[in-house]
Amino acid sequence: MASKSDLVFFCKNCGYESLKWVGQCPSCKEWNTMTEAPSGKKGKPERRTAAGIRTELKPLTLDEIELDEEERTTTGIAELDRVLGGGIVRGSLILVGGDPGIGKSTLLLQVCRNLTEKGTRVMYISGEESASQIKMRAVRIGSFNDKLKVACDTSLDEIVSVIEKNRPDAVVIDSIQTMVNESVNAAAGSVSQVRESTGVLMRVAKGLGVTVFIVGHVTKDGAVAGPRVLEHMVDTVLYFEGDVRGTYRILRGVKNRFGSTDEIGVFEMFENGLGEVANPSEYLLSGRAEQASGNVVTCTIEGTRPLLVEIQALVCDKTFDFPKRQATGLDFNRVSLLMAVLEKRVGMHLGLSDAYVNIAGGLKLSEPASDLGLVIAVVSSYRDRPVDPKLAAFGEVGLNGEVRAVSMCDRRVNEAKKMGFSTVIVPKANHKSIENIKGIEIIEASSVEDAIRLI
Ligand code: TYD
Ligand code: MG
């Protein structure tokens, strides 16, 4: 039984550690997330060396440090390489997070296959599934050679020693929530266990130059420590998003020490594993109801990549006294704000209507450039007049109803042109960057009223 002094409080959301209980986490400001747990520290802090190979600490001057060009290995999956910033950097620690069942194990097994085909030695360590379950998945994916070794264990000491003995080039740990570091006095999946285990894996990665992929389940209820608590420890954080029941998946980079973040990779789940979707605009627009009111295509930028997405709005008479608003894939407050702009600047009485907005394809838009598309979708649904399906619109909308400039306007227009759109509505302020684009009708709007009048 842990003594009182061994117990500390951890925030289930962000991992903040506190000696006393507090109702609101001082770090992430979430309420009721502090839970009592053993501190995980035993006696005097021991100096754990990097899997036993770290020598004396010797500070160097910058001149003495050699600049080694990061050597990148392709994963054989272009969509993943893009999110990683061009491939895997040797010795890096990569966290792949996502809901259970989204396809993390499948993706990493496919990476294992591609790496081993090029002669890289990979070890897949699972604490979740039995060897035969892994084999079953592998059989669905395809054929593997003997460079891939599979092990099922949850003891981190055991795993570290097997890595030290076999020295693979890459290791997959599936999942961090099942791993147990015996020197930590806490249950598997607890915040302290997950953090300490990641620390050990980091030392293995850096010390031995082994690339380590860590799978982490995102949990909404916070019963088990989510991957968020270890984001700051790893080099790269990728999140797998999408509807588990649907077939499309989006892999998003949220942190990357070796490349830009905000890149996304798009995948589709097939019978034999995940396939790449090289042209996401095409998939995001597939199955569109072209003559329905309330649907408008906008162009958003994810990382460096323009994407055409459909914004859907449904405005109908309110059912209760209070008008209902619902936003899926868009920020709720932004939607409310834009509807208030429509009330005030365009004179639409949306206070008598319920409104639902949705981004088709399960994408989440955070960019204000989608404002204009949303506004037009709401107007279209309110008036029950369909918008030309070959029209795309983007621009940030301000509180005065003005349409403001967006970044990378030319790329957005070119993407619309490439996807066969005939007209785009763009902010007037972006005129300069797009004046030379031919082959698509460009309508420049300086205000929301302008845009609505022009269509
Ligand atoms: P999985 O990779 O096990 O998800 P995670 O590791 O993120 O929990 O697989 C998720 C789902 O994908 C599972 O329900 C089965 C399905 N699946 C396919 O549709 N096709 C396949 O080829 C494979 C291997 C899995
Ligand atoms: Mg899995």
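Start at 1 and go down the list; that is how both ligands and their atoms are numbered.
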Checklist entry - What distance separates Asn295 CG from Gln291 CD, expressed to the nearest 0.5 Å? => result 10.0 Å
Checklist outcome for this item: Correct closest heavy-atom pair for Ile376 and Val387 would be CG2-CG2, 4.0 Å
Checklist entry - If you draw a sphere of radius 2.8 Å around the Mg ion (ligand 2), how many protein N/O/S atoms end up strictly inside it? => result 1
Checklist entry - If you measure from OG on Ser381 to CD1 on Ile311, what distance do you get to the nearest 0.5 Å? => result 13.0 Å
Checklist entry - Can you name the residues that come within less than 4.0 Å of ligand 1, going by heavy atoms only? => result Asp99, Pro100, Gly101, Ile102, Gly103, Lys104, Ser105, Thr106, Arg137, Arg140, Met269, Phe270, Glu271, Asn272, Gly273
Item to check | NZ (Lys118) with more than 12 external heavy atoms under 6.0 Å | outcome: yes
Checklist entry - Is the shortest distance from a Lys or Arg side-chain nitrogen in Arg90 or Asp169 to a carboxylate oxygen in the other one below 4.0 Å? => result yes
Item to check | Pairs satisfying ring-ring contact (aromatic ring centres under 6.0 Å, His included), at least one member in residues 242-264, at least two apart | outcome: Tyr248-Tyr283
Next on the checklist: I need the minimum non-hydrogen distance between Leu95 and Gly216, along with the two atoms involved.
Outcome noted: CD1-N, 4.2 Å
Item to check | Listed partners of Lys418 passing side chain to side chain donor-acceptor pair (under 3.5 Å), at least two apart | outcome: Glu415
Next on the checklist: Taking Asn32's backbone N and O only, do any of them form a donor-acceptor pair with Gln24's side chain (distance below 3.5 Å, no angle check)?
Outcome noted: no
